[in-house]
Structure formats: C-alpha cells, structure tokens
Amino acid sequence: MSDNMLSEDELDYLDEVLQTFGNESSILDVNELDGFMVAMLIAQEAVAFYRWYPAIWGGAELAPALASEDEAEQLESLLLRMQDTLTGQRCSGDEFSALFYEGEFEGETVTGVEEWCFGFLRGKAFSTWPDLPKAQAALLDKVALHGDEENFSRLEAMSLQQHQASVEE
C-alpha cells in the first residue's frame, strides 16, 4: 500500500472543499471523487491533471476561487496524492479499496456505493475507454445500477437486504 496515502483528516478536508464549492455539475464528495479517479486510471489513455481538475467542478468557469495561493496548492497537492495512491495500487497489484459510505440505516450498518458509482460513470464518460468484453460490460452494468439515475426506481423497489447484496456484487 502507498505510504503517500491521504489521512482521514486530509480526506475530510477534501470532502469539505468539494461540498463547500460544489454545484449541480460538480463532484460533491470524496466518494464520488474516488470513483471518478479510478475510472480515469483504468481508461485507455491517461488524463492530465489540467484536464480533469476543471471537470471535478463542472467546468473551468465553476472552479472555486480559493482564499489563497497556499490553499490552492494544498488542494492540488492532495488531489495529486490521491491520484498517485490509486495509480500505485493499480500498478503494484496492491488491494484496491474504494471509498464507499458506511452508515446506519434502520438499525443496521449499511454500505452506500451510489456516490462512488456516480463518480466512476462520470470518469468513464470523461476519459477514453475501449469497448468492453461481455464479462467486464456486465460488471459495468452493476456500477450503473447504483450510479445512473435511470436505475433509481429499481433501487427503490429493493429491500435493504437486496440493496446490500447488489452492493456486494
């Protein structure tokens, strides 16, 4: 595992910045950001920071005007470290662990993947992907179940147990 991994405090800071400056077109939390970055990392071609940074805000015109140059450098550094950690996990064969939401619902601990899946699909659309073999396309369909608004009625019709089983898939 990478020694350069972001700490919980750094992830919380990134989450706060994304939520503070978020809008309808932007990535709104670190879970969604993680999915976005993962999709770009497994794309056919690498996507440069100067291209994906504006995309997390919904476009260059929506990128935040941070209070200082130091704050802008800190944000850029954290984003690049997050990307480097994911790249390192992919290249080294380290076990990948997505940033999924864990919380309580109806007295049970549940895992929420919707934000991550939204980010993944957004990153896939933003980057260049080849046509997928049937088995991989089926896996992408499982991501789309949780990350595409068109599937929300299917999710809403599921029991909590069915939802969590689909999360495991």
Side-chain angles (χ1 to χ4, degrees), residues 1-92 94-105 110-130 140 142-152 155-156 167:
M1 191 88 44
S2 173
D3 292 335
N4 210 16
M5 204 171 214
L6 298 185
S7 69
E8 284 298 317
D9 287 343
E10 290 169 325
L11 288 171
D12 288 345
Y13 172 78
L14 266 183
D15 204 51
E16 182 180 321
V17 170
L18 291 168
Q19 290 180 27
T20 299
F21 294 103
N23 59 71
E24 287 184 19
S25 302
S26 71
I27 289 175
L28 296 174
D29 62 33
V30 293
N31 306 85
E32 189 175 354
L33 179 64
D34 188 61
F36 179 77
M37 287 184 171
V38 168
M40 286 191 305
L41 288 172
I42 59 177
Q44 207 167 5
E45 297 175 14
V47 181
F49 178 79
Y50 76 89
R51 284 197 52 234
W52 64 259
Y53 179 78
I56 67 175
W57 306 109
E61 68 283 357
L62 298 173
L66 298 171
S68 69
E69 186 64 32
D70 286 344
E71 190 175 1
E73 287 176 11
Q74 177 186 11
L75 177 61
E76 181 177 321
S77 173
L78 292 175
L79 290 169
L80 290 170
R81 276 184 47 218
M82 186 173 178
Q83 182 185 41
D84 287 347
T85 297
L86 291 168
T87 301
Q89 288 173 345
R90 180 171 184 251
C91 293
S92 69
D94 284 348
E95 185 173 324
F96 168 72
S97 180
L99 292 178
F100 294 152
Y101 169 78
E102 297 258 331
E104 293 287 320
F105 182 76
V110 296
T111 301
V113 298
E114 283 72 18
E115 291 85 1
W116 190 92
C117 292
F118 267 111
F120 188 89
L121 293 177
R122 184 178 180 151
K124 180 187 177 296
F126 186 74
S127 52
T128 305
W129 275 48
L140 188 58
K142 293 174 190 291
V143 171
L145 172 63
H146 292 273
D148 186 338
E149 288 182 33
E150 290 180 15
N151 294 322
F152 279 6
L155 290 173
E156 290 168 1
V167 164

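Numbering starts at 1 and runs along the sequence shown. What you see below is based on every heavy atom in this structure, not just the backbone, and it leaves out hydrogens, waters and symmetry mates.
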From Leu121 CG over to Leu140 CG, what is the distance, rounded to the nearest 0.5 angstrom? 6.0 Å

Surrounding CD of Glu104 (heavy atoms of other residues, nucleotides or ligands, distance under 6.0 Å), is the total greater than 12? yes

In Å, rounded to the nearest 0.5 Å, how long is the span from CZ of Arg81 to CG of Leu79? 11.0 Å

Residues forming a side chain to side chain donor-acceptor pair (under 3.5 Å) with Gln83, sequence neighbours excluded: none

Not counting sequence neighbours, which residues clear side chain to side chain donor-acceptor pair (under 3.5 Å) with Glu102? List them please. Thr111

Pair Val167, Val113 - check side-chain contact (heavy atoms from CB on, under 4.5 Å), show working. CA-CA 7 Å; Val167 164; Val113 298; 3.5 Å; yes

Nearest heavy atoms of Thr128 and Ala43, plus distance in Å: O-CB, 3.4 Å

Starting at CG of Leu155, measure out to CD of Glu149 and round the result to the nearest 0.5 Å. 11.5 Å

Closest approach of Leu33 and Leu14, non-hydrogen atoms and distance? CD2-CD1, 4.2 Å

For Gln19, give me all partners under side chain to side chain donor-acceptor pair (under 3.5 Å), at least two apart in sequence or on another chain. Asp15

Any side-chain hydrogen bond (donor to acceptor under 3.5 Å, both in side chains) involving residues 23-32? Give me the pairs, sequence neighbours left out, ordered by first then second residue. none

Only distances under 3.5 Å count here; give the side-chain donor-acceptor pairs of residues 47-66 to other protein atoms, sequence neighbours excluded, each with its distance to 0.1 Å.
{"unit_1": "Tyr53", "atom_1": "OH", "unit_2": "Trp57", "atom_2": "NE1", "d": "3.4"}

Please list, chain by chain and in numerical order, all residues satisfying ring pair (Phe, Tyr, Trp, His ring centres under 6.0 Å) with Phe118, sequence neighbours excluded. Phe152

With a 4.5 Å cut-off on side-chain heavy atoms, are Leu99 and Met82 touching? yes

Quick check for you: to the nearest 0.5 Å, what is the distance between Leu86 atom CG and Met37 atom CE? 7.0 Å

In Å, rounded to the nearest 0.5 Å, how long is the span from CH2 of Trp116 to NE2 of His146? 11.5 Å

Any donor and acceptor pair, going by atom type alone, linking the side chain of Ser77 with main-chain N or O of Glu73 inside 3.5 Å? no

Can a donor-acceptor pair be found, under 3.5 Å and without considering hydrogens, that links the side chain of Glu71 to the backbone of Ala67? yes

Using 30° and 60° as the class boundaries, would you call the ring planes of Phe120 and Trp129 parallel, tilted or perpendicular? perpendicular

Under the criterion side-chain contact (heavy atoms from CB on, under 4.5 Å), I'd like the reasoning laid out for Glu76 against Leu80: C-alpha separation, chi angles, the key distance, then a yes or no. CA-CA 6 Å; Glu76 181 177 321; Leu80 290 170; 3.8 Å; yes

Please report the interatomic distance SG(Cys117) to NZ(Lys124), rounded to the nearest 0.5 Å. 13.5 Å

Mind checking whether Leu6 and Thr85 have side chains closer than 4.5 Å, heavy atoms only? no

